[in-house]
Amino acid sequence: MRYGIGRTVLVVVAASAALTVTGCEPGLDDAGVDPAGPAPASEGAPTCSVEDLEATARQAAERPAGTGTGAAIVEFVNVSGASCVLKGHPTVAGAGNGSPERNHPLKVTPTGTATPVTVAPDGKAWVKLTFVQVQGEADGYCASGADPVSYPTIVVGLPGSGAHQVALDDGVFAECDDTVTVTPVSAVEPA
């Protein structure tokens, strides 16, 4: 299993233990990866592979009120020399202690209609992740009564395009209730 970390690709070998990510699409493995590899897209360009992409994350400008992360934008840059296609809604897991092999899957609620996005070389595409916000000061609290959780990194899986481990450019991912609402891959940068 491969995880893109910035410009570095970390290869994680899991002997017999499979990672489970809630909300995977049919035909994908537990990390949201098509085991058959990239499939041709309807636009004629192939599906982006994990090696084709550099992923980064930052806090979204528009996010729910509270003291946690609230919402994050994950940006994918095509670092290959050819156009490729991204599609679908992402899967999301917190990387326990920053370690992908200790992933904690989050329940994903998809929003919007997914359409393929062709990404030119050096082009970008985005997804927005909205978490159940942590409330209060210091360690905060969850409105549901659950304990808040924070992750130094998360793993974002894209159908056919691998799993990408990302850290926020400022802070850590903090959330409540182990759920996240996600947008499909978009050619328009969300706020």
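Numbers for residues simply follow the sequence, beginning at 1. We use all heavy atoms of the structure for the numbers below, so side chains are in, but hydrogens, waters and symmetry mates are not.
We find the CD1-CG distance between I154 and L168 to be 7.0 Å, quoted to the nearest 0.5 Å. Taken to the nearest 0.5 Å, the CZ atom of F131 stands 10.0 Å off from the OG1 atom of T181. Between the CZ atom of F173 and the CG atom of L106 there is a distance of 10.5 Å, given to the nearest 0.5 Å. With rounding to the nearest 0.5 angstrom, the OG1 atom of T130 is 5.0 Å from the NZ atom of K128.
Take F76 and apply the ring-ring contact (aromatic ring centres under 6.0 Å, His included) test, not counting sequence neighbours, and it matches H164.
Of the candidates P116, P159, P184, S161, S161 is the only one forming a side chain to side chain contact (heavy atoms under 4.5 Å, CB included) with L86. L129 pairs in a side chain to side chain contact (heavy atoms under 4.5 Å, CB included) with only one of the listed residues (V156, V108, I73), which is V156.
Residue pairs meeting the side chain to side chain donor-acceptor pair (under 3.5 Å) criterion with at least one member in residues 182-191, sequence neighbours excluded, are R58-E189.
The backbone N or O of V119 lies less than 3.5 Å from a partner atom in the side chain of N78, making a donor-acceptor pair. One N or O on the side chain of Q133 and one on the backbone of G70 form a donor-acceptor pair closer than 3.5 Å. Checked by atom type and distance alone, the side chain of H89 pairs as donor or acceptor with a backbone atom of G112 at under 3.5 Å.
Note on V132: it does not cluster hydrophobically with V134, by side-chain heavy-atom contacts below 4.5 Å among ILVMFWY residues.
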